Amino acid sequence: MRKIGQFSMLDKAIACLDHGLRAVFLDDSQKATTYPARNADCPALSKEERSRSVRLMRVNHAGEVSAQGLYLGQSLVSRDTETFFSLMEAANEEKEHLHWCEIRLKELEGRVSILGGVWFLGSLCMGVLIARAGDDWSLGFVEETENQVVEHLDNHLFELPEKDVSSKAILLVMRSDEARHAKNASSRGGRKLPYWARKAMQFQAKIMTTVASRI
Ligand SMILES: [Fe+2]
Ligand SMILES: [Fe+2]
């Protein structure tokens, strides 16, 4: 069996599978332990405010589903054990983001995007393809993705209803985590992506956020 550092491909596949099962099958009480809005005193939202929050949080949930696909795909094909661990560590935090968005959508009586499987599988394939170019490009991709997510979260923090302090509390913690993921990827040797690649990523993200906000 091919060894990558001290980790074989089978070891990595098992770690990714274990992570995926925990992301999907954790019960609600466990998901809520780190929920940033558990102590937020959110006033009642009007129908219009609630539907705006649902639309935005559904987009964020879809983004976190994609993050799981990307990180797992990149982890599987990573060449260096250190890179593998750093990607899995970030994927673990992204898993919490995913659960927080899910909890908030339930509180708002909203639903997740029906295209979750598409976002996950599309991102998983993209993560594998990118990581095949090498760990430096893979980490550069993480840095650029996370920077774009920070910009996106800034827009959502502005667009959310003023009263929706619970969703804002969640996005603020996510924003801080995403910025740290970008910084870590850069410090681990991420290469800056060419202009056309950054623009293509923005275009792809635009399609996903537009579709996920509706279905
Ligand atoms: Fe995230
Ligand atoms: Fe992140």
Side-chain angles (χ1 to χ4, degrees), residues 16 19-20 22-24 26 31-37 53 55-76 78 82-106 112-113 115-116 119-120 122-124 126-128 130-131 135 137-160 166-193 198 201-202 204-206 208-209 212-213:
C16 288
H19 172 94
R22 285 170 201 270
V24 175
L26 209 65
K31 288 177 186 173
T33 50
T34 56
Y35 187 48
S53 289
R55 186 172 49 80
L56 296 172
M57 292 310 285
R58 185 190 301 134
V59 169
N60 291 318
H61 182 271
E64 296 300 339
V65 170
S66 295
Q68 289 301 311
L70 284 173
Y71 273 112
L72 291 183
Q74 288 176 270
S75 302
L76 264 178
S78 58
E82 288 288 311
T83 307
F84 171 77
F85 279 120
S86 74
L87 292 169
M88 287 304 287
E89 196 182 321
N92 251 319
E93 290 189 348
E94 304 291 0
K95 183 176 70 186
E96 299 209 314
H97 299 173
L98 179 74
H99 293 155
W100 300 340
C101 291
E102 193 185 312
I103 293 171
R104 185 61 188 145
L105 276 168
K106 272 187 193 164
V112 301
S113 169
L115 297 175
W119 309 135
F120 179 78
S123 302
L124 185 77
M126 197 190 289
V128 167
I130 287 153
D135 285 359
W137 286 117
S138 186
L139 289 166
F141 178 82
V142 168
E143 183 187 2
E144 179 58 27
T145 304
E146 298 287 10
N147 282 333
Q148 289 188 16
V149 172
V150 167
E151 271 180 45
H152 156 88
L153 290 174
D154 283 340
N155 290 336
H156 274 201
L157 281 162
F158 181 73
E159 287 176 49
L160 275 168
S166 291
S167 299
K168 286 184 182 180
I170 297 165
L171 297 199
L172 280 170
V173 179
M174 279 166 51
R175 188 194 185 284
S176 144
D177 289 345
E178 317 298 16
R180 183 162 33 77
H181 297 160
K183 217 171 157 189
N184 288 348
S186 168
S187 67
R188 288 186 179 278
R191 280 172 85 163
K192 189 161 179 67
L193 301 190
R198 286 182 271 138
M201 287 164 68
Q202 278 174 353
Q204 185 270 337
K206 183 77 194 158
M208 196 205 80
T209 54
S213 72

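Keep in mind that what you see is a predicted model, and the values were worked out from it rather than measured. Both counts, for ligands and for their atoms, begin at 1 and track the order of listing. Quick note: residue numbers are just sequence positions, from 1.
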Using a cut-off of strictly less than 2.8 Å, determine whether Glu178 has an N/O/S atom near the Fe ion (ligand 1). yes
Looking only at non-hydrogen atoms, find the nearest pair between Arg198 and Leu193 and report the distance. NE-O, 3.0 Å
His181 near the Fe ion (ligand 1): N/O/S under 2.8 Å: no
Indicate if the distance from the Fe ion (ligand 1) to the nearest N, O or S atom of Glu94 falls below 2.8 Å. yes
The atom of His97 among N, O or S that is nearest the Fe ion (ligand 1) is ND1
In Glu146, the N/O/S atom nearest the Fe ion (ligand 2) carries the name OE2
Locate the shortest heavy-atom distance separating Ile130 from Trp137; write the atom from each residue and the value. CG2-O, 4.3 Å
Are a donor atom and an acceptor atom from the side chains of Glu64 and Gln68 found within less than 3.5 Å of each other? no
So which atom in Thr83 and which in Ser78 form the shortest heavy-atom distance, rounded to 0.1 Å? CG2-CB, 4.2 Å
For Arg180, which of Glu89, Glu143, Glu93 qualifies under salt bridge (Lys or Arg N to Asp or Glu O under 4.0 Å)? Glu93
